[in-house]
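Okay, structure first, notes after.
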Amino acid sequence: MKQALPLIKALSLIAAWVFCSGFSIFESGAVGNNSVPQPLKPVEINRYLGRWYELGSYAASFQEGCAATHADYRLDGQGGLRVVNSCRKGGIDGQEEVAEGRAEIVPGSNNAKLKVSFFGPFWGDYWVLDHALDYSWSIVGEPSGRYLWLLSRTAHPSKATLKQIESRAKEMGYDLTLLNWTPQP
């Protein structure tokens, strides 16, 4: 075991560098927004809690083959959030996969920037770039411009609401031709 410790430490450092640098061996490297904006509004965490349905997102290896994707947010009692992401692999009737993680608010961000972790000590950025005043929809991204999620409180928002979300994402510089629309039951 003593001999394995230096190797484990080295691998941990490499993994941390890969994750934190934004480098990814899994993604194509396509960037959907070369100039990601800062979040536009403060976020009232208690209003953000609950279920969000994914309407569409940029392709991500960890979501490959997912349908009926949604996320649930709740307070963890320790100043952070619990995050439970669920999807059905292979289609709406596919096997459900669940990933549980935690999130922490980035100080000074008006609650609009979170650090999220689903495994070990590795954290990723989760920025609530914009949201409806009534918290019926949200646009989430991160600083590299490679990830984007369009979220709604309902799995099937009205056409007018969907147009509003798309319009806001375009105004922020996102290329919606790269968006994968998420099938919802």
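Position 1 is the first residue of the sequence, and the numbers go up from there. Being a predicted model, the structure only gives us computed values, none of them experimental.
When all heavy atoms of Pro143 and Val36 are compared, the closest pair comes out as O-CG2, 3.7 Å. The shortest non-hydrogen separation linking Leu55 to Pro157 is CD2-CD, 3.6 Å. The two residues Arg88 and Ala68 make their nearest non-hydrogen contact at CG-CB, 4.1 Å. Nearest heavy atoms, Gln63 versus Ser57: OE1-OG, 3.8 Å. Closest heavy-atom contact between Cys66 and Pro183: O-CD, 4.4 Å. Closest heavy-atom contact between Ala155 and Pro185: CB-O, 4.5 Å.
Note on residues 111-122: pairs passing salt bridge (charged side-chain N to carboxylate O under 4.0 Å, His left out), not counting sequence neighbours, are Lys115-Asp125. Note on residues 101-111: no pairs pass salt bridge (charged side-chain N to carboxylate O under 4.0 Å, His left out), not counting sequence neighbours. Among pairs with a residue in residues 52-73, those fulfilling salt bridge (charged side-chain N to carboxylate O under 4.0 Å, His left out) read Arg51-Asp72, at least two apart in sequence or across chains.
Linking ILVMFWY residues whenever their side-chain heavy atoms come closer than 4.5 Å, directly or via other members, leaves Leu129 and Val106 in distinct clusters. Residue Ile45 is grouped with residue Leu151 when hydrophobic side chains (ILVMFWY) are merged at heavy-atom distances under 4.5 angstrom, including chains of intermediate members. Under the 4.5 Å side-chain heavy-atom criterion for grouping Ile, Leu, Val, Met, Phe, Trp and Tyr, Trp137 is not connected to Tyr53 through any hydrophobic cluster. Taken together through direct or relayed side-chain contacts under 4.5 Å among Ile, Leu, Val, Met, Phe, Trp and Tyr, Trp181 and Tyr58 form part of one hydrophobic cluster.
Between Phe119 and Phe122, the two ring planes are tilted [angle within 30° to 60°].
Side-chain N or O atoms of Lys41 include one that pairs as donor or acceptor with a backbone N or O of His131 at under 3.5 Å. Not a single donor-acceptor pair under 3.5 Å links the side chain of Glu100 to the backbone N or O of Phe118. Side chain of Arg153 to main chain of Ser136: no donor-acceptor pair is present (N/O by atom type, distance under 3.5 Å, no hydrogens or angles). Between the side chain of Asn33 and the main chain of Gly145, no donor-acceptor pair closer than 3.5 Å is present.
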Result block: side-chain N/O donor-acceptor pairs under 3.5 angstrom for residues 75-83, not counting sequence neighbours:
unit_1, atom_1, unit_2, atom_2, d
Asp76, OD1, Gln78, N, 2.7
Asp76, OD1, Gly79, N, 3.3
Asp76, OD1, Gly80, N, 3.0

Counting only pairs under 3.5 Å, give me each side-chain donor-acceptor contact of residues 166-179, with atom names and distances, residues two or more places apart or in other chains.
unit_1, atom_1, unit_2, atom_2, d
Ser167, OG, Glu171, OE2, 3.2
Arg168, NE, Asp130, OD2, 2.7
Arg168, NH1, Glu171, OE1, 2.2
Arg168, NH2, Asp130, OD2, 3.2
Asp175, OD1, Thr177, N, 2.9
Asp175, OD1, Thr177, OG1, 2.5
Asp175, OD2, Thr177, OG1, 3.3

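With respect to Val140, the side chain to side chain contact (heavy atoms under 4.5 Å, CB included) criterion is satisfied by exactly one of Trp127, Tyr147, Tyr126: Tyr126.
Atom CG of Asp134 sits in a crowded spot, with more than 12 heavy atoms from other residues, nucleotides or ligands closer than 6.0 Å. Within a 6.0 Å radius of CD in Glu96, other residues, nucleotides and ligands contribute more than 12 heavy atoms.
For Tyr48, the ring pair (Phe, Tyr, Trp, His ring centres under 6.0 Å) partners are Trp52, Tyr73, not counting sequence neighbours.
In this structure, CG on Leu133 lies 10.0 Å from CD on Glu44, to the nearest 0.5 angstrom.
Side-chain contact between Leu148 and Ile139: present, with at least one pair of heavy atoms (C-beta onward) separated by less than 4.5 Å.
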| task | Apply side chain to side chain contact (heavy atoms under 4.5 Å, CB included) to the pair Val98 and Val84, showing each step before the final yes or no. | result | CA-CA 7 Å; Val98 176; Val84 179; 3.6 Å; yes
